Amino acid sequence: MKKKSNILRSVVAIVISLFHLIPFYILITTALKPMTDLSSRWIFPKEIHLENFIYALEKGGLLTAMYNSIMITVISVLIIALIGATTAYPLARIKTKTNSLVLNLVVAVMMIPPLSMLVPLYSLLTKIGAINTYWGIIVITVTMGLPLSIFLYSNFISTIPVDLEEAASIDGCSRFKSFYKVVLPLLKPVTATVVILTGVNVWNDFQFPLYILQVPEMKTLTLAVSSFFSQNSSNLNAAAASALIAIIPVVIIYLLLQKQFVQGMVDSAIK
């Protein structure tokens with residue numbers, strides 16, 4: 001009976017995996033076909049054509065967009081992880097009504113749709129000259145990513161025994177020093193989770209870059225992919241090629257941090 005149950009689970013897992021892989025297969029077949037090939041997207045091309053990738057890199061400004069996305073994502077994720085960890089530590093360790101209220105507010109902020117704040121944010125950024133700047137979009141992405149970061153870090157820190165910090169304080173460490181010497185090295189799993197979740201959100205963000213980064217030299221990868229579609233024409237093959245290039249960095253980072261990501265998600269959900 002147990003063997004049949006395991007077989008059934010394996011079959012269900014394979015079927016679900018296939019459903020997730022179908023879009024990637026369609027994306028690959030589309031990217032490897034010329035625009036003149038009108039055959040079904042399900043049919044793999046007999047000859048591989050790389051013209052779409054060359055066109056995406058040269059005409060679509062994909063290298064510039066890649067640089068912009070990397071700059072915005074790396075800086076934003078570093079700030080989100082650093083501020084999230086240092087903010088979550090006192091909220092998790094000092095049990096007061098005020099801190100409990102702050103944590104509840106953090107969770108409440110996570111429920112607010114980002115686009116509902118677009119108009120006041122755009123008005124503010126225009127007044128302070130932050131439109132078409134790295135720091136303008138980074139401030140927005142950090143603001144939107146901090147609630148999730150604080151939530152994950154606070155739950156994870158709550159699972160770390162307080163005895164470790166008490167032992168450090170006996171040795172003469174201040175609370176600030178015990179955090180950086182004792183607690184921070186233990187945050188690697190949840191940090192991997194924060195890096196992947198917030199990094200993917202920033203990397204794939206389309207709505208805020210669309211309004212804040214309006215000049216071609218500041219566009220991100222999502223804007224570069226969308227540039228292949230217009231009201232009068234579209235280049236689906238080049239868009240598929242640019243999309244494949246865009247997902248490569250995210251897939252590599254996930255594969256490198258996969259073990260820590262799963263552990264961080266499990267440990268952060270304990271409390």
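Since the model is a prediction, treat every value here as computed from it, not as a measurement. Along the sequence shown, residues carry numbers from 1.
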Any donor-acceptor N/O pair, Ser123 side chain to Val119 backbone, under 3.5 Å: no
Answer yes or no: is there a donor N or O on one side and an acceptor on the other, between the side chain of Lys188 and the main chain of Pro185, under 3.5 Å? no
Is there a donor-acceptor pair closer than 3.5 Å between any side-chain N or O of Ser76 and the backbone N or O of Thr73? no
OG1-CE distance between Thr143 and Met117, expressed to the nearest 0.5 angstrom: 8.5 Å
Could you tell me whether a side-chain N or O of Asn52 sits under 3.5 Å from a main-chain N or O of Ala31, the two making a donor and an acceptor? yes
When you measure from the side chain of Thr222 to the backbone N and O of Asp205, does any donor-acceptor pair fall under 3.5 Å? yes
Any donor-acceptor pair under 3.5 Å from Ser149 side chain to Gly145 backbone: no
Please output the side-chain donor-acceptor pairs of residues 103-112 that fall under 3.5 Å, not counting sequence neighbours, one pair per line with the distance.
| unit_1 | atom_1 | unit_2 | atom_2 | d |
| --- | --- | --- | --- | --- |
| Asn104 | ND2 | Ser100 | O | 3.2 |

Where do Val74 and Leu78 land on the side-chain contact (heavy atoms from CB on, under 4.5 Å) test, with the steps shown first? CA-CA 6 Å; Val74 170; Leu78 287 176; 4.0 Å; yes
What distance separates Phe156 CZ from Leu186 CG, expressed to the nearest 0.5 Å? 7.0 Å
Between Thr96 and Thr98, do the side chains contain an N or O donor and an N or O acceptor separated by less than 3.5 Å? no
Can a donor-acceptor pair be found, under 3.5 Å and without considering hydrogens, that links the side chain of Thr87 to the backbone of Gly84? no
Go through the steps to decide whether Leu244 and Phe53 satisfy the test side-chain contact (heavy atoms from CB on, under 4.5 Å), and finish with yes or no. CA-CA 9 Å; Leu244 278 176; Phe53 294 92; 4.0 Å; yes
Same cluster for Val250 and Leu221 if Ile/Leu/Val/Met/Phe/Trp/Tyr side chains link at under 4.5 Å? yes
For Asn68 against Met218, the heavy-atom pair lying closest together: ND2-C, 3.3 Å
Do Ile70 and Val225 sit in one hydrophobic cluster, given that two such residues count as connected whenever their side-chain heavy atoms are within less than 4.5 Å of each other, even indirectly? no
Ile54 with Leu62, same ILVMFWY side-chain cluster at under 4.5 Å: no
Do Ile157 and Leu187 have side chains that get closer than 4.5 Å, going by heavy atoms? yes
Hey, could you give me the CG/OG1 distance between Leu210 and Thr220, rounded to the nearest 0.5 Å? 9.0 Å
Donor-acceptor pair between Thr191 and Tyr153 side chains, under 3.5 angstrom: yes
Correct closest heavy-atom pair for Leu152 and Val190 would be O-CG2, 3.7 Å
From CA spacing to verdict: side-chain contact (heavy atoms from CB on, under 4.5 Å), Thr198, Leu146: CA-CA 9 Å; Thr198 58; Leu146 272 177; over 6 Å; no
Applying side chain to side chain contact (heavy atoms under 4.5 Å, CB included) between Ile212 and each of Ile140, Thr133, Leu118, Val139, report the one that passes. Ile140
Mind listing the closest non-hydrogen atom pair of Ala88 and Ser154 along with its distance? CB-N, 3.4 Å
Treating Thr86 as the side-chain partner and Ile83 as the backbone partner, does any N or O pair qualify as donor plus acceptor under 3.5 Å? yes
To the nearest 0.5 Å, how far apart are CD1 in Ile72 and CD1 in Ile138? 6.5 Å
Strictly distance-based, threshold 3.5 Å: is any side-chain N or O of Ser226 a donor or acceptor partner for the main-chain N or O of Leu223? yes
Does any part of the side chain of Pro209, heavy atoms only, come nearer than 4.5 Å to the side chain of Lys219, both counted from C-beta? no
Taking OH in Tyr134 as the centre, count heavy atoms belonging to other residues, nucleotides or ligands within less than 6.0 Å. Is the count above 12? yes
For the pair Ser69 (side chain) and Trp203 (backbone), establish whether a donor and an acceptor sit closer than 3.5 Å, ignoring hydrogens and angles. no
Test of understanding: clusters of I, L, V, M, F, W, Y form through side-chain heavy atoms closer than 4.5 Å, transitively. Do Val200 and Met66 belong to the same one? yes
What donor-acceptor contacts under 3.5 angstrom involve side-chain atoms of residues 125-132, with partners at least two apart or in another chain?
| unit_1 | atom_1 | unit_2 | atom_2 | d |
| --- | --- | --- | --- | --- |
| Thr126 | OG1 | Tyr122 | O | 2.7 |
| Asn132 | OD1 | Gln214 | N | 2.5 |
| Asn132 | OD1 | Val215 | N | 3.3 |

Is there a side-chain contact between Leu121 and Met144, using heavy atoms and a 4.5 Å cut-off? yes
Any chance you could measure Ile150, atom CD1, to Asn155, atom CG, to the nearest 0.5 Å? 12.0 Å
Using the side-chain contact (heavy atoms from CB on, under 4.5 Å) rule, take Ile247 and Phe24 through it: C-alpha gap first, then chi angles, then the decisive distance, then the call. CA-CA 11 Å; Ile247 67 176; Phe24 292 100; 3.9 Å; yes
